[in-house]
Each structure stands twice: as C-alpha cells, then as structure tokens.
Amino acid sequence: MKDQLHSLFSQAIEQLKADQVIPSDHQITLMFERTRQREHGDFATNVAMTLAKPARRNPRELAELVVAALPADDLITKVEIAGPGFINVFLDTSARYAVVSNVLAAGDQYGLAPAGSGQKVMVEFVSANPTGPLHVGHGRGAAYGDALARVLSAAGHAVEREYYVNDAGRQMDILGVSVWIRYLQANGIDTTLPENAYQGDYVVEMGNQLAAEHGDAYVVSAEDITQARGELELEAALDAVIALAKSRLGEAGFGVFFELALNTILDDIRQDLGEFGVHYDTWFSERSLYTDGKVDAVVKKLQASGDIYEKGGALWFKTTAYGDEKDRVVVRENGQPTYFASDIAYHADKLERGFDLAINVWGSDHHGYIPRVVAALQALGLDSEKLKVLLVQFAVLWRNGEKVPMSTRKGEFVTLRDLRDEIGSDAARFFYAQRKSEQHMDFDLDLAKSHSNENPMYYVQYAHARICRIFDNAAERDIQFKAAEGEQLAVLDGEHEIALLTLLARFPELIQSAAANYEPHQVSYYLRDVATAFHAYYNASKILDAEPEARQAMLTLCAATRQVLRNGLSVLGVGAPESM
RNA sequence: GUGCCCGUAGCUCAACUGGAUAGAGCAACGGCCUUCUAAGCCGUAGGUUACAGGUUCGAGUCCUGUCGGGCGCGCCA
C-alpha cells in the first residue's frame, strides 16, 4: 500500500521536475507516515515541506502543485493539504479491510519478510563468563538479544545466535582454584577460601563432588597454602595459590577442577537459557582460538603490518592510529596474551565466516572497549562497518527500597533462575522486552513478584485467549465460521473496527522498523496497542449476537487479530495461550 | 579530570528517528458484570519534556553550555 503511494507521488514529483518547479537534479526522499489522528487521513507526507527550500516556494503552495500533478488512482479517495504543508491522503475503505484477507491468507507468515530476502547476520549475546549462574542482569541481555534475533529473522534475515565462551584466562584459573580449595575443605584440610575467590554455594557443591570421586588424590597441606600466600596482597596471593595448584597437581590434575567447574557451569547456563526460550546455534570457545593458533596468527599478521611494537617487554597494538585514545597491550611482559588478543582473533574470525553483519550485544560497561576492537578489524583490513555493537544498560535491582548488590565473585545476586521461578519465563521476557536497550532501567523485585498480574503481557495474552473463547462459543452455538471476503467485509466500518484494521495493516512495517532500528521493544508496544483496540471492540460489540452476515465479517476480523497477536508474541518469544 | 549513555505525568516507561494537540500502564477519583472470560471496558485528574541559549517552516528528538544520575578510562576479564 505504501509502495503504491510511493509510486504515485514519485510520478507527481517527476512531473514537477519536468515543469522545472523543482531543480531536476534534486534528490528527494519521499516519506509516508501513518497519521496519529483520523482527521488527518490514513497517510501523510511532508514532502512539500522538504521541497520548499530547493524550489524556493512556500510549502503549502508546493503541496498544491504536487496534488495537482498526482495521477488519478482508485486507491486514493481524497487528498488534503493541512497545517504547514502536510499532504494528507485518504484511502479507499476497500483498501482498509483487505488486510483481513491478507492476514488470513499468510497465516503465521503474515508480517514476516520472506526468509533469505535479507542479510546473513550473527547475533552474539549474553556470553557471560562461565564462572557462576546467570543473574538478572544477564537476563536482560538474553531477552534483548534473543528478541532482536527473532525480529531480525522475521524481517527476512538469516540469523545465527552465538555465545562466546570465555574458557581461557585468569578468571577461569580463579574458578578452578576456588573449587580446589572447597575440595580441600571437604577433605578436612583447615584452610580458608580467599575472599577474592568465588564464594557461591555451587563451588562448595563441586568441591564436595570431587572429594567424593577422587578422595585425597589432589590434597596438599594447609601449611603449603599458607606458605604460598605468604605476606602477599590479595590478588598476588591468589595467583600464588593458583601457581601452587598447577605445580603440585600438574596441568592434568588442575584440569580436573577446571574442567568440572567449566562444564558444570556451562551446562547449567545452557539449561537456564533453554528454559528461558533462548537457544544458540554456536557455543564458541575462546580456548579454541589458542589451540587452533588463531591468536598467534593474528598477532603475527599485525606485527608484519607494523601495527604492533614492543615496549617494556610487552607487545603493544597501535590502536591510536585508528582513533582509540591510547595504545593497548596484546602480549604481556610475561609472554601471556591479554584478553584483547583473543578478542581480536575472535572478531576477525567472525567476519571471515562471511556474515554481512555481526552484532554484539554488550553490557554498557564495555563501551570503552569498542574503539579498540574496531581498530583491530581495520588494521587487519576487514570491514569494521560489518560489526555493530549494541549496548544494554544493566538493570538496577531494588528490594525493600534498597539497591540489591550484584557481584558474581561474592555470590550475592538474584539469579535469572530465581526470577523465572518467581514470575515465569514469559513474563520476565516480556518485562525486559518492554524496555529500550540503552534505557537505564529500575527493576523492583517486590513489584515484579507481588503484582505479576499487572505485567502488560497478561493483557496481550488475555486478548488472544478471549478471541479463542469466542470461537469456542461460536462452535457451541453451531455457528459455522467461514472467513468473509471482499465486499462482505465492508460492514467493518465502526470506530473500533477501523482502528483495529489500521493496526493490523501496520504489522509488516512495524517488523521492518523494529529490525532496522534493533528495537524489539517496538513489537511489545505495538501488541499492547492491538490488545487495547481489541478489548475496546470486544466490550462495545456483542459479536456472536450480531446478524449472521455481519457476524461472519466480525469473526473474520477476530481471526485476523488473533493471528497478528500470535505472530507478534512469537517474535518476542512469548507464548499465546488459548485460555487463561 | 576526560569520554560515552541517560534525564519526559507521583512511579515505571513510549513517542513511527525532525512533524500536526507529547501518549500508555500502575497509583488516585467516578461509573460498567442475570449478556461471547471484569486478568476487561468507559470517564476524570495529572506536563514549562532537568535548566539556559542556538539551528528552521517546525525541536522531547540536532548543536553549545550548565546541573543531576550511570558507566568507562589496567601488562583485569
């Protein structure tokens, strides 16, 4: 419909160019908007206002000329010029109710662009360090990332979801050693867990499990540990204990603790996300970048191109040459690569896998990290425009009017699983999906739990369930439903019906807009609008008591509304129950 | 100190990316169930879009400054 308007107005503008009203070389972006008020017709365009300057005429006068040059067409019944120079277009009513048939014909594909019509896109999200259960902060990233992936694929893109597993580096050593200490305690060794190690109960459980499986095979004395720590400060003391564990147990022995911790936690995360409705195509291991030699390769390549220099025994990447504020270390003085080194290899690998677009969903605390990753891609001769980093603000949790602390190491946090148990996966997803990603967000746990029925999701689902019930009741009353078509739908001209029809017609545009702007929250607001329009309609009309012919048309509208609600909820990854 | 994000009704958030009279939900007040699910509907009230300038036909949206909040600025990840 918009395309048709576009073509008609383009013809009019070409005509004006030919008449030399507008400079013929002027580039025009023709935009149509759905109007907010009925008096303004169905669509409006501001083209006359944007042309005012190049044409050196006042907008209203230009609007007159555009309208005069507009070819006749059945679609348009009336055109008005309003305000400072808007051109308001009124469409033929048959164009309005035709949407019902379109919805029913397309079914669960309505609003969705054909698969493969878009780009090849990867969405990497959550990627939390596998050092403990996911907390509600990760939940926002999970809900946003997955809804984004769904919106993008609804808009026709081929989407892959990826989780980058940080299974290398010091954090994992700390986790391994935390489990080891708990294991020692389970074997009766009188030692304490350093306060900067992982404190969670899950670490205790793993220690107990390993003590049961391996007995005292990996035990050292409490004195050895005390001696290793010596008078060192916190972090250095922890490193000393890690070194002790590695030297006494060997790589293989330490690996027992490390691997169990990693696998247990990763399985838990995978299950947690699965129950949240989030499923990944790829779990990409950071360690594999080392074992496959990709980190080395990328460092050598940057050395060869002169982007890496040595200073103070460390290797530095000249990221300032690509707009970063300071240069960054990639290989430390002690020969250990930094996290940045593997991240360069990871992002290079992503783009080399042939995605048109690689989206990273990151917590906003990582925003300072973006310039150096972009720098790395540019230095490697890759197209950094293909990387898009979307930042999600972490939610601030409130309980009893106080901020809830969130520290993984201290084991003090509300887990995603707790939240799902309290309010359910669907409600949690919908709640997160209602917020724009970069918006700061307050999450009041007491409110979320005690007033869970006030979650707008129920409002939308209720509209769906109500429609299902109407059809149940129709069947009980022996009313046979056969979708009305064409002129039979012309009775749908009440205020509520027109509002509903207009909304249903907007759905495909909405999906495109939500995808183009990476804003899945647009879908949740849209669904609420559809539900509002339906509930109002429902209360105003006794559908099953209407005259048979009108009743068929009304039921057809209900069926179309139900379909759109279903499709929209599915884009958010939320269910559409048939009864509530 | 410096860089990025944010500031909209009492609270939580929208606003089709520069458009017409800034909208919803909670909370408050008043109505609607012997009638397809009241998890609903209808109505009332609530605003100097943090503040001050600027850009233009037109600004919550863009530019500058100020104030307030969050987050970065490691040979951590």
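Numbered from 1 within each chain, the chains take letters A, B, ... in sequence-line order. What you see is a predicted model; the values in this text were computed from it and never measured.
- By the ring-ring contact (aromatic ring centres under 6.0 Å, His included) test, A:F32 is found to be paired with A:F9, residues two or more places apart in sequence or in another chain being considered.
- For A:F125, the ring-ring contact (aromatic ring centres under 6.0 Å, His included) partners are A:Y280, not counting sequence neighbours.
- A:Y525 is linked by a side chain to side chain contact (heavy atoms under 4.5 Å, CB included) to A:Q434, A:H521, A:R528, counting only residues two or more places apart in sequence or in another chain.
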**OP:** Determine, for nucleotides 72-77 of chain B in 5'-to-3' order, which nucleotides have protein heavy atoms under 4.0 Å from the base (write B), from only the sugar-phosphate (write S), or from neither (write -).
**Re:** SSSBSB
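- For the ring-ring contact (aromatic ring centres under 6.0 Å, His included) test, no residue two or more places apart in sequence or in another chain qualifies with A:F43.
- Base contact: A:S579 has a heavy atom under 4.0 Å from a base atom.
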What nitrogen or oxygen pairs link the protein and nucleotides 44-46 of chain B at under 3.5 Å?
none

For nucleotides 18-23 of chain B, tabulate all protein N/O to nucleotide N/O atom pairs closer than 3.5 Å, reporting atom names and distance.
residue : atom : partner : partner atom : Å
B:G19   : N7   : A:N46   : ND2          : 2.9
B:A20   : N6   : A:N88   : OD1          : 2.7
B:A20   : N1   : A:N88   : OD1          : 3.3
B:A20   : N1   : A:N88   : ND2          : 3.2

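- Partners of A:E80 under the salt bridge (Lys or Arg N to Asp or Glu O under 4.0 Å) rule, at least two apart in sequence or in another chain, are A:K78.
- Among pairs with a residue in residues 539-559 of chain A, those fulfilling side-chain hydrogen bond (donor to acceptor under 3.5 Å, both in side chains) read A:R477-A:D545, at least two apart in sequence or across chains.
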Subject >> Pairing string, 5' to 3', for RNA chain B - Watson-Crick or wobble contacts under 3.5 Å, brackets [ ] where pairs cross, | to another strand >> reply: (((((((..((((.....[...)))).(((((.......))))).....(((((..]....))))))))))))....
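- RNA chain B is contacted by A:H535, A:A536, A:Y538, A:N539, A:S541, A:K542, A:I543, A:L544 of residues 535-547 of chain A, taking any non-hydrogen atom closer than 4.0 Å.
- Within residues 511-522 of chain A, the residues approached by RNA chain B to less than 4.0 Å at the level of any non-hydrogen atom are A:N517, A:E519, A:H521, A:Q522, in residue-number order.
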